Number of protein chains: 4
Amino acid sequence: MGVNRQTQTKQSILDAALYLFHLKGFHATSIRDIAGKAQVNTANIAYYFKNKQGLLEYCFISYFEEYVRVLDKNAADLEEKGAADCLLDMVYDILSFQRKNFLASSFIYGEVLLDSSLNREIFSTYLMKEKYFFQLILEYGIEQNEFENISVPMYILQLKGMLNAPIAHSQYAREVLHVFPQETYYTEKYAEQVSRFLQATLFCPFNHEKKQDNHQLLLL
Amino acid sequence: MGVNRQTQTKQSILDAALYLFHLKGFHATSIRDIAGKAQVNTANIAYYFKNKQGLLEYCFISYFEEYVRVLDKNAADLEEKGAADCLLDMVYDILSFQRKNFLASSFIYGEVLLDSSLNREIFSTYLMKEKYFFQLILEYGIEQNEFENISVPMYILQLKGMLNAPIAHSQYAREVLHVFPQETYYTEKYAEQVSRFLQATLFCPFNHEKKQDNHQLLLL
Amino acid sequence: MGVNRQTQTKQSILDAALYLFHLKGFHATSIRDIAGKAQVNTANIAYYFKNKQGLLEYCFISYFEEYVRVLDKNAADLEEKGAADCLLDMVYDILSFQRKNFLASSFIYGEVLLDSSLNREIFSTYLMKEKYFFQLILEYGIEQNEFENISVPMYILQLKGMLNAPIAHSQYAREVLHVFPQETYYTEKYAEQVSRFLQATLFCPFNHEKKQDNHQLLLL
Amino acid sequence: MGVNRQTQTKQSILDAALYLFHLKGFHATSIRDIAGKAQVNTANIAYYFKNKQGLLEYCFISYFEEYVRVLDKNAADLEEKGAADCLLDMVYDILSFQRKNFLASSFIYGEVLLDSSLNREIFSTYLMKEKYFFQLILEYGIEQNEFENISVPMYILQLKGMLNAPIAHSQYAREVLHVFPQETYYTEKYAEQVSRFLQATLFCPFNHEKKQDNHQLLLL
DNA sequence: GATGAATGAGTATTCATTCAT
DNA sequence: TATGAATGAATACTCATTCAT
């Protein structure tokens with residue numbers, strides 16, 4: 001019972017926390033709210049995560065650890081697959097990852113405004129890693145003449161905006177546009193659209209067509 | 001002195017609030033923080049804005065009122081200027097508006113965590129208006145064969161992600177990409193890049209070149 | 001205009017104050033409530049009555065000044081009219097005075113007009129039960145010809161006043177009458193007096209004497 | 001220790017609250033006052049009673065619960081003891097109950113124990129005058145053999161309770177008894193009843209009848 | 001592992017009052 | 001005579017956290 005119960009208590013705290021952080025934001029969520037929703041005693045949060053801040057960090061780190069793993073996996077085959085294919089696959093996997101971890105994504109990219117310097121550090125560390133992978137692929141693609149010679153940082157910013165749109169504007173998507181970013185169908189449609197952007201603005205004409213076909217197969 | 005003093009006190013509260021909301025988020029900012037930064041008495045916030053929520057709503061509404069005015073102004077000449085030009089100009093003006101109102105933009109699009117139903121309503125109202133203008137231009141362009149026949153809602157979502165990137169990822173831009181979205185130079189560069197996206201994915205070949213030239217002139 | 005307006009402002013403050021003091025009690029009434037109801041500026045209260053306490057004192061004094069005048073007028077003819085007549089007239093005039101100055105009387109004699117509706121409900125529930133018991137006994141007694149055929153509600157009101165007197169007027173009892181309602185001795189004396197009232201006004205002659213004896217035993 | 005400590009903390013809050021509510025009134029008593037007097041932390045009040053209002057309700061309910069029990073116990077033997085005895089016993093028990101729960105009774109029945117000493121003085125001054133008049137008449141009547149030789153202070157207290165009943169219990173009168181003390185009709189009826197009390201308990205037989213007739217004329 | 005009690009510092013808000021105009 | 005602006009102290013309440021059990 002001991003181990004199960006521990007895991008269960010800890011997990012239910014995490015679930016409740018993520019849900020409420022997403023719903024009301026970190027500061028507007030009290031430790032009692034979380035304990036209430038998780039149906040555990042308040043003091044358990046201190047027991048498992050030291051304090052509220054510790055709980056937050058746990059959420060951050062476990063989210064980003066997995067995220068970086070997704071990026072890393074994709075970047076591994078860069079030379080084998082070529083830059084264009086690699087980027088297309090990565091785009092797809094990022095969008096999938098965000099959809100699967102919707103609550104966390106939404107909360108983390110929503111309340112990026114970090115007061116404590118520790119959070120800022122965590123954040124920076126992981127985003128630096130993210131940048132590293134994007135840059136790697138883009139520069140490799142440019143070097144190999146697969147990609148146009150675009151401004152890498154600017155292009156990353158633009159791409160990142162697009163990738164986060166279904167998260168950052170999910171309420172807008174649902175309530176105003178009647179698009180539902182949490183459903184697989186829409187993620188695939190949206191991935192297609194991002195790949196169209198890449199093909200139209202980044203890929204050199206020759207590779208363009210070939211890669212598109214490849215990816216279409218991959219998606220289906 | 002009376003009028004001046006009132007305006008001054010009220011304004012300094014607003015400035016402090018926006019700065020701190022942006023820095024730490026709404027819930028992490030106490031009314032004492034704001035009063036302290038604005039160097040006014042705490043009770044003045046209640047005097048001018050009824051309460052913290054009222055202050056927030058004032059920020060929201062005054063921001064969005066101006067934003068909608070920008071959209072409206074641009075949409076006015078739709079038939080005269082044509083859809084492509086109109087959209088390019090609007091993109092440019094939106095990015096400019098966001099840069100000028102950086103703190104507010106950043107706060108509002110960062111912490112979209114709408115706990116109160118009133119906030120939600122305000123938000124929805126304005127975003128609905130925004131969608132109206134985008135839709136108007138896109139559908140007009142498609143009808144006039146200026147634009148490709150894209151999926152309007154999906155395209156808006158993608159565009160919105162791109163437009164908000166310099167705001168939503170400003171910390172990332174500065175600290176990781178070394179791109180500074182608050183400087184005019186970068187805004188113009190970024191606007192160019194967004195227009196390249198539009199030309200490559202939306203504008204029909206024939207109109208494409210003509211409009212691009214027009215806009216280049218406009219930017220310089 | 002000056003004088004009229006002054007009188008009018010002052011009077012409307014007084015009216016509003018009395019109404020609200022009566023409704024919510026002195027401490028629960030804010031100076032802004034009063035100013036709001038009177039439709040004058042808050043600072044006027046300070047102007048006319050120095051402060052909130054001054055306003056209260058003004059209410060007290062003007063009420064009691066008139067009250068004493070009523071008493072005085074009645075006592076004047078004591079020797080001429082005789083004590084009994086004098087007392088009867090005074091009773092009548094006091095009741096009339098209280099009715100005319102109902103708000104002030106009510107406030108000064110401290111009826112807790114319960115602001116929250118929940119309190120009100122609690123109160124009503126229990127008082128209804130209380131009434132039920134009184135009514136039960138009285139009606140039974142009347143039916144059994146133990147009691148005179150009095151008006152039940154009126155009689156309950158009178159009885160209730162008498163029963164609460166040691167509480168409602170305990171300060172008065174102690175400081176003015178030198179009677180100490182918290183001591184058992186006085187409670188018993190007072191109980192005797194109430195029973196004398198019942199015997200004289202309620203019990204039918206036959207039962208009267210018997211019951212009195214019974215109760216005397218019970219008390220000792 | 002756990003149980004004891006809980007009960008002790010909770011009880012000391014209750015005692016302090018009752019004392020202070022009685023002393024200064026509910027709204028004039030702050031939660032800090034209570035916590036201070038009870039020598040517990042302010043937050044404990046929230047812990048045990050949710051909030052100030054909850055504390056008030058707890059006081060109310062526990063008071064009335066016991067009160068109703070007293071009434072119930074007495075009414076049980078109605079048929080066995082007969083109405084008169086039953087009523088006499090009930091009167092005695094109510095007075096005892098109120099004396100035992102003096103603070104609560106006093107607070108609930110809304111004696112405004114005036115906090116500021118100035119108010120107290122004003123109050124005393126006028127009530128002294130009132131007493132003077134009552135005493136004057138009563139003593140004169142006794143001396144002239146118009147009145148029975150009653151205890152003057154006790155009689156004044158009883159009379160005062162009766163006189164204030166329509167004020168002190170006006171809500172009760174209206175909502176429970178359906179008697180409306182603000183209407184002239186009821187005032188006159190009530191005055192009659194008070195005069196009947198005077199005649200039955202104060203006036204000497206001889207004067208009794210004569211005075212009653214006189215007063216009847218006076219009233220009509 | 002888990003809990004109820006308790007705490008002190010913090011929150012937003014409201015208050016009576018003052019003052020220059 | 002009347003007002004809007006401003007203030008500092010006080011309000012009820014909530015918070016994250018600690019600790020004995």
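None of these values were measured; they are calculated from a predicted model. Just so it is clear: chains get the letters A, B, ... in the order the sequence lines come, proteins before strands, and each one is counted from 1.
Between C:Y47 and the phosphate of F:dT1, there is a side-chain N or O to OP1/OP2 separation shorter than 4.0 Å. One finds a side-chain N or O of A:Y48 lying less than 4.0 angstrom from the OP1 or OP2 phosphate oxygen of E:dA2. Phosphate contact (OP1/OP2 of E:dT11, side-chain N/O of B:S30, threshold under 4.0 Å): present. For the pair D:R32 and F:dT11, the criterion of a side-chain N or O lying under 4.0 Å from OP1 or OP2 is met. C:T9 has no side-chain polar atom (N or O) that falls below the 4.0 Å cut-off from OP1 or OP2 of F:dT1.
We find that NZ of B:K50 is positioned 6 Å from P of E:dT14, with the value rounded to whole Å. Look at NZ on A:K10: it is 12 Å from P on E:dA2, rounded to the nearest Å. Following rounding to the nearest Å, B:L56 (CG) and E:dA12 (P) show an atom-to-atom distance of 13 Å. Going from atom CD1 of D:I45 over to atom C1' of F:dA12 covers 10 Å, rounded to whole Å. Counting to the nearest Å, the P atom of E:dA5 and the CD1 atom of D:I13 are 12 Å from each other. Counting to the nearest Å, the P atom of E:dA12 and the CZ atom of B:F26 are 9 Å from each other. For the pair C:H27 NE2 and F:dA12 C1', the computed distance is 16 Å after rounding to whole Å. One can place CG of D:L20 at 12 Å from P of F:dA12, the figure rounded to the nearest angstrom.
Closest approach of A:C59 to A:L14, counting heavy atoms only: SG-CD2, 4.1 Å. Scanning both residues, A:I31 and A:I45, for their nearest heavy atoms gives O-CD1, 3.5 Å. Taking all atoms of both residues into account, the shortest heavy-atom contact from C:V40 to C:N44 is CB-ND2, 4.1 Å. When all heavy atoms of D:L18 and D:A104 are compared, the closest pair comes out as CD2-CB, 3.9 Å.
D:I31 comes within contact range of the sugar-phosphate backbone alone, with a heavy-atom separation under 4.0 Å but no base atom that close.
Rounding to the nearest 0.5 Å gives a distance of 8.0 Å between NZ of D:K10 and OH of D:Y48.
The one candidate from B:L23, B:N101, B:L56 that meets the side-chain contact (heavy atoms from CB on, under 4.5 Å) condition with B:F107 is B:L56.
Judged by distance alone, with hydrogens and angles left aside, the side-chain atoms of A:D15 form no donor-acceptor pair with the main-chain N or O of A:S12 at under 3.5 Å.
Both key distances under 3.5 Å define a Watson-Crick or G-U pair, and stretches of 3 or more such consecutive pairs in DNA chain F run E:2-21 with F:2-21.
Ring to ring, A:F64 and A:F123 are close: their centroids are under 6.0 angstrom apart.
Atom OH of D:Y19 has 12 or fewer neighbouring heavy atoms from other residues, nucleotides or ligands inside a 6.0 Å radius.
Figure legend: D:K52 and D:F26 shown as a cation-pi pair, the cationic atom lying under 6.0 angstrom from the six-membered ring centre and within 45 degrees of its axis.
Judged by closest nucleotide on DNA chain E, D:N44 is the one of D:N44 and B:N51 placed further toward the 5' end. For the pair D:K52 and A:T29, both in contact range of DNA chain F, the more 5′-proximal nearest nucleotide belongs to D:K52.
Using a 4.0 Å cut-off on heavy atoms, the residues of residues 33-43 of chain D that approach DNA chain E are D:N41, D:A43, listed by number.
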